[in-house]
There are 2 protein chains.
Amino acid sequence: MAAESQRKATVSSTVEDYLKVVLKIEDMKQRASTSRVARHLEVADATVTDMLRKLKKAGLLEYKPYYGATLTREGRRMAVRILRRHRLLEMFLHQVLGYGWEQVHQEAERLEHAVSDLFISRIDALLDFPSQDPHGEAIPDARGFRQVEDDLCLAEAEPGSYSVRKVTNSDPEFLAYLDRVGLRPATRLSLQEKAPFQGPLKLLPESGREPVYLGLEACRSIFVLPRKDRPPASASAPDGPASREAGTRGSRK
Amino acid sequence: MAAESQRKATVSSTVEDYLKVVLKIEDMKQRASTSRVARHLEVADATVTDMLRKLKKAGLLEYKPYYGATLTREGRRMAVRILRRHRLLEMFLHQVLGYGWEQVHQEAERLEHAVSDLFISRIDALLDFPSQDPHGEAIPDARGFRQVEDDLCLAEAEPGSYSVRKVTNSDPEFLAYLDRVGLRPATRLSLQEKAPFQGPLKLLPESGREPVYLGLEACRSIFVLPRKDRPPASASAPDGPASREAGTRGSRK
DNA sequence: GAAATTTATTAGACTGATCTAAAAATGAGG
DNA sequence: CCTCATTTTTAGATCAGTCTAATAAATTTC
């Protein structure tokens with residue numbers, strides 16, 4: 001008998017973190033090499049080599065020495081489960097406990113390993129089965145299905161009118177800054193020029209404020225949706241004027 | 001340079017568990033001996049000996065070989081902090097996420113080590129600063145102050161009228177049973193006889209149902225408050241009408 | 001395509017929390 | 001006060017996750 005194990009494999013939170021990182025790297029269409037994984041987790045390369053071998057043995061990923069790791073079906077299932085927990089928790093912290101979007105990541109990072117499935121299903125229901133977290137990232141559903149997201153990275157966008165879809169960077173400082181200048185999911189903005197190789201990119205958030213200048217790196221973590229109306233227009237959108245105002249519950253301090 | 005350390009000592013969740021257990025034992029007015037701590041934590045005695053020495057070195061408790069441990073001021077502060085988190089979390093799970101009182105303990109046991117102070121203060125406010133958890137146990141306040149509780153243990157109570165104050169036993173089976181027979185904090189009940197050495201004690205919960213019989217051990221985890229009206233009376237208590245139709249003596253079947 | 005550079009793996013060690021088995025204190029009874 | 005049972009500690013190991021330093025494979029560069 002060899003094809004026995006089915007469900008229930010309970011893993012340490014360390015293992016969950018490794019799987020999460022490999023998934024994240026694969027999602028960015030990069031190779032999950034030892035050093036890349038090590039950078040994400042902030043551990044030594046040697047530690048990762050070791051761990052990847054263990055995870056391979058556990059059947060959670062494929063591992064080719066000098067190449068890197070690839071999640072197996074089971075490994076991906078677990079990774080997506082954690083991703084779901086993480087994002088659902090972020091949403092919960094934001095909506096129910098009033099956390100700012102720059103505060104949710106760190107807390108969710110700890111809770112995702114500690115809460116039970118019951119907890120997750122209760123907050124899912126309490127939040128009415130949300131499909132996105134406070135940063136605009138999609139929350140996988142309970143079966144592990146994920147929406148396909150082919151968003152446009154601001155760093156590659158042509159001049160035009162857009163709205164912010166998601167921000168993939170959890171640095172609190174950075175998020176707090178975006179918040180301050182009025183850039184959050186659903187914010188409308190117009191872009192005058194294509195992102196330069198170096199130097200800041202000029203944005204005009206609809207919020208009417210002054211232009212915002214962002215470095216290339218910053219732009220890489222902002223994803224947008226094109227809007228079908230030209231940059232400097234007056235009244236047009238039928239779904240409400242200065243909407244954006246709610247969400248992003250204050251707190252801070 | 002010697003009297004430096006003040007706050008901030010961050011400890012592992014294992015250490016938190018040891019402190020919690022020592023506090024619990026001290027609260028029961030027992031000696032926190034190696035083996036008693038070991039039994040509570042379900043680890044080997046040798047492990048405890050080791051750990052107690054480390055905790056002593058860390059200044060969290062006194063430790064006398066062959067005698068046991070006593071929390072220091074700092075150790076007690078930490079232990080009470082965890083107790084507060086635990087009970088506040090239980091209340092939160094019960095009130096906000098709809099957990100049954102037999103489900104809250106296990107989840108809180110994991111969360112108490114994972115949530116931040118911000119999380120705790122948010123749920124505290126959300127629950128409107130509760131003073132008791134779902135089992136009727138007092139929640140220490142944010143400064144670490146604890147209400148003095150001198151409750152009467154059902155195992156020692158004289159016949160009379162009481163109401164349930166708290167239940168100190170987190171076994172889900174047991175709690176689910178109490179729930180089924182209608183015994184929970186604030187339930188009124190009358191006691192016909194004093195707890196026997198062996199055999200079940202007969203209780204009459206006000207909820208009108210049949211008498212309930214509880215073993216001595218079970219009675220030890222139930223604490224009650226005397227009510228000021230005698231068993232077989234008619235009208236008297238100003239805090240409720242036809243309270244206790246205390247008659248019902250024995251009979252019923 | 002050989003040398004230089006980068007990336008990855010091996011080797012050896014450490015830390016924290018745990019265990020088992022053996023030795024040593026403690027404390028009760030005679 | 002001596003012996004026996006109980007409780008506690010010591011000794012020696014294990015396991016997971018991590019590190020550093022040394023070595024080896026892969027890749028890039030000239």
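Chain identifiers are assigned alphabetically (A, B, ...) following the order of the sequence lines, protein sequences preceding nucleic acid strands; residue numbering begins at 1 within each chain.
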Original post:
How many Å lie between NZ on K57(B) and P on dG16(C), as a whole number?
Top reply: 11 Å
Subject >> Spacing of D45(A) atom CG relative to dT18(D) atom C1', expressed in whole Å >> reply: 13 Å
**OP:** Answer yes if the side chains of D17(A) and H113(A) hold a donor-acceptor pair under 3.5 Å, and no otherwise.
**Re:** yes
Subject >> T47(B) side chain near dC19(C) phosphate (N/O to OP1/OP2, under 4.0 Å) >> reply: yes
Subject >> For R110(B), all residues meeting salt bridge (Lys or Arg N to Asp or Glu O under 4.0 Å), sequence neighbours excluded >> reply: E107(B)
Original post:
Rounded to the nearest Å, what distance is computed from the CG atom of residue L52(B) to the P atom of nucleotide dT7(D)?
Top reply: 17 Å
Original post:
Would one find a side-chain N or O of S35(A) under 4.0 angstrom from OP1 or OP2 of dT7(C)?
Top reply: no
Original post:
In terms of side-chain heavy atoms of A44(B), which of dC19(D), dC19(C), dT10(D) is nearest?
Top reply: dC19(C)
**OP:** Check the distance between dA11(C)'s C1' and D50(A)'s CG and give it to me in whole angstrom.
**Re:** 11 Å
**OP:** State yes or no: are the ring centers of W101(A) and H135(A) separated by less than 6.0 Å?
**Re:** yes
**OP:** Check the distance between dA8(C)'s P and M51(A)'s CE and give it to me in whole angstrom.
**Re:** 18 Å
Original post:
Between D17(A) (CG) and dT18(D) (C1'), how many Å, whole number?
Top reply: 14 Å
Original post:
In terms of the nearest nucleotide of DNA chain D, which residue is placed more toward the 5' end: Y66(A) or S13(A)?
Top reply: S13(A)
Original post:
For R31(A) and dA26(D), what is the distance between atoms CZ and P respectively, to the nearest whole Å?
Top reply: 12 Å
Original post:
So do the side chains of D27(B) and R146(B) get within less than 4.5 Å of each other, counting heavy atoms only?
Top reply: yes
Original post:
If you check every side-chain atom of K54(A), which of dG17(D), dT10(D), dT10(C) has the closest atom?
Top reply: dG17(D)
Original post:
If you find the nucleotide of DNA chain D closest to P65(A) and the one closest to Y18(A), which residue's nucleotide is nearer the 5' end?
Top reply: Y18(A)
Original post:
Rounded to the nearest Å, what distance is computed from the NZ atom of residue K64(B) to the P atom of nucleotide dT7(D)?
Top reply: 19 Å
Original post:
Taking OP1 and OP2 of dA17(C), is either one under 4.0 Å from a side-chain nitrogen or oxygen of S12(B)?
Top reply: yes
**OP:** For T34(A), answer base if it contacts any base atom (sugar-phosphate contacts may also be present), sugar-phosphate if it contacts only those atoms, and nothing otherwise; contact means non-hydrogen atoms under 4.0 Å.
**Re:** sugar-phosphate
**OP:** Would you please confirm or rule out a distance under 4.0 Å between OP1 or OP2 of dT10(C) and any side-chain N or O of R53(A)?
**Re:** yes
Subject >> Shortest side-chain distance from A46(B), nucleotide among dT18(D), dA21(C), dT10(C) >> reply: dA21(C)
Original post:
Got a sec, which residues hit salt bridge (Lys or Arg N to Asp or Glu O under 4.0 Å) with D45(A), two or more places apart in sequence or on another chain?
Top reply: none
**OP:** Using only side-chain N and O atoms of S33(B), determine if any of them is under 4.0 Å from OP1 or OP2 of dT7(D).
**Re:** no
